Amino acid sequence: MATRAMTLENHDQTVEDGIVLIDFWADWCGPCHRFAPVFEAVSEANPDVTFAKVDTESEQELSARYQVSSIPMLVVYRDGIPVFGQPGAVPQPALEDLLKQVRELDMDAVKAEYGQRLAEAQQQQAQPARSGRSATDPTAF
C-alpha cells in the first residue's frame with residue numbers, strides 16, 4: 001500500500017484500527033527527503049499496515065497536537081493507541097524491526113496500561129495543581 005496524506009480531518013479515522021505509521025515531514029527538510037524512500041519501501045512491503053504522511057507546513061494544528069519540534073518524526077499506533085514516537089530518520093532495517101515489534105505487542109497488556117495512564121491523567125487534571133506540575137497528555141511523545 002502506498003503512503004497516504006494525513007490531515008486533521010482524517011486523523012482519528014486513520015489511527016483507530018490496525019497498525020498505523022505516521023511520518024511528520026516538511027518539503028524544506030533534507031533528512032525528511034532521505035527518509036521518504038525508506039518509508040515508502042517499507043510501505044510497499046507491508047500492505048496490511050497504514051503508512052501516513054503529515055506535511056507539518058500545511059498541517060500545523062495536527063503537528064502541534066503531537067508537539068512536533070523536530071522532523072522527520074515517526075509515530076506508530078496500534079488499534080487506536082500510540083505505541084511509539086521518535087524524531088529522526090530511521091534506517092530501513094530499524095523501521096522493519098520496529099514494525100515487527102509492534103506486530104508482536106500484547107495488546108491486552110497495552111490497552112490495560114494505556115487505560116490506566118488515561119485515568120491517571122484525568123485524575124491529575126481534576127485535582128488542583130498543588131505540586132506545580134501540570135497533567136501531561138498521555139499521547140504526547
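For clarity, every value in this text was computed on a predicted model and none was experimentally measured.
Considering CD of Q60 and CG of L62, their distance stands at 11.0 Å, rounded to 0.5 Å. Between atom CZ of residue F39 and atom CD of residue Q92 there is a gap of 12.0 Å, rounded to the nearest 0.5 Å. Summarising the geometry, atom CZ belonging to R78 is positioned 15.5 Å from atom CZ belonging to F84; distances are rounded to the nearest 0.5 Å. Taking CD of E113 as the reference point, atom CG of D106 lies at 11.0 Å (rounded to 0.5 Å). Here CD of Q122 is found 13.0 Å from CZ of R117. Values are rounded to the nearest 0.5 Å. Atom CG of L8 sits about 4.5 Å away from atom CD of E61, to the nearest 0.5 Å.
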*Apply side chain to side chain donor-acceptor pair (under 3.5 Å) to E120 and Q116, showing your working.*
CA-CA 6 Å; E120 289 170 358; Q116 182 179 353; 3.2 Å; yes
Applying side-chain contact (heavy atoms from CB on, under 4.5 Å), run through R4 and F51 and close with a yes or a no.
CA-CA 6 Å; R4 65 173 76 167; F51 287 77; over 6 Å; no
*Are T50 and T14 close enough, and set up right, to give a side-chain contact (heavy atoms from CB on, under 4.5 Å), and what steps lead you there?*
CA-CA 8 Å; T50 300; T14 301; 3.9 Å; yes
task = Give the intermediate values and the outcome of side-chain contact (heavy atoms from CB on, under 4.5 Å) for residues D55 and D27.
result = CA-CA 8 Å; D55 180 345; D27 192 44; 5.8 Å; no
Verdict with reasoning, V90 to L98, per side-chain contact (heavy atoms from CB on, under 4.5 Å): CA-CA 10 Å; V90 180; L98 174 61; 5.8 Å; no
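Side-chain contact check for V76 versus I22: every heavy-atom pair is 4.5 Å or farther apart. Side-chain contact between V49 and L21 is present, with at least one heavy-atom pair separated by less than 4.5 Å. With contacts defined as side-chain heavy-atom distances shorter than 4.5 Å, the pair I19/Y77 does not qualify. The closest side-chain heavy-atom distance from H11 to E59 is not below 4.5 Å.
Here the closest non-hydrogen pair linking A89 and P31 is CB-O, 4.3 Å. Contact record, V38 with P91: CG1-C, 4.2 Å, taken as the closest heavy-atom pair.
S70 meets the side-chain contact (heavy atoms from CB on, under 4.5 Å) test with P87; sequence neighbours excluded.
Enclosure of atom CD in Q13 is not indicated, since only 12 or fewer non-hydrogen atoms of other residues, nucleotides or ligands lie within 6.0 angstrom.
Without hydrogens or angle criteria, N10 side chain to M6 main chain gives no donor-acceptor distance under 3.5 Å. Here the side chain of D23 pairs no donor or acceptor atom with the backbone of L74 at under 3.5 angstrom.
The hydrophobic clustering, which links ILVMFWY residues whose side-chain heavy atoms are closer than 4.5 Å, places M73 and W25 apart.
A tilted orientation is assigned to the rings of Y66 and F24, their planes being inclined by 30° to 60°.
Electrostatic pairing of R103 and D97 does not count as a salt bridge here, judged by no charged N lying under 4.0 Å from a carboxylate O. Ion pairing of E104 with K100 is present here, as a side-chain N (NZ or NE/NH1/NH2) and a carboxylate O approach within less than 4.0 Å.
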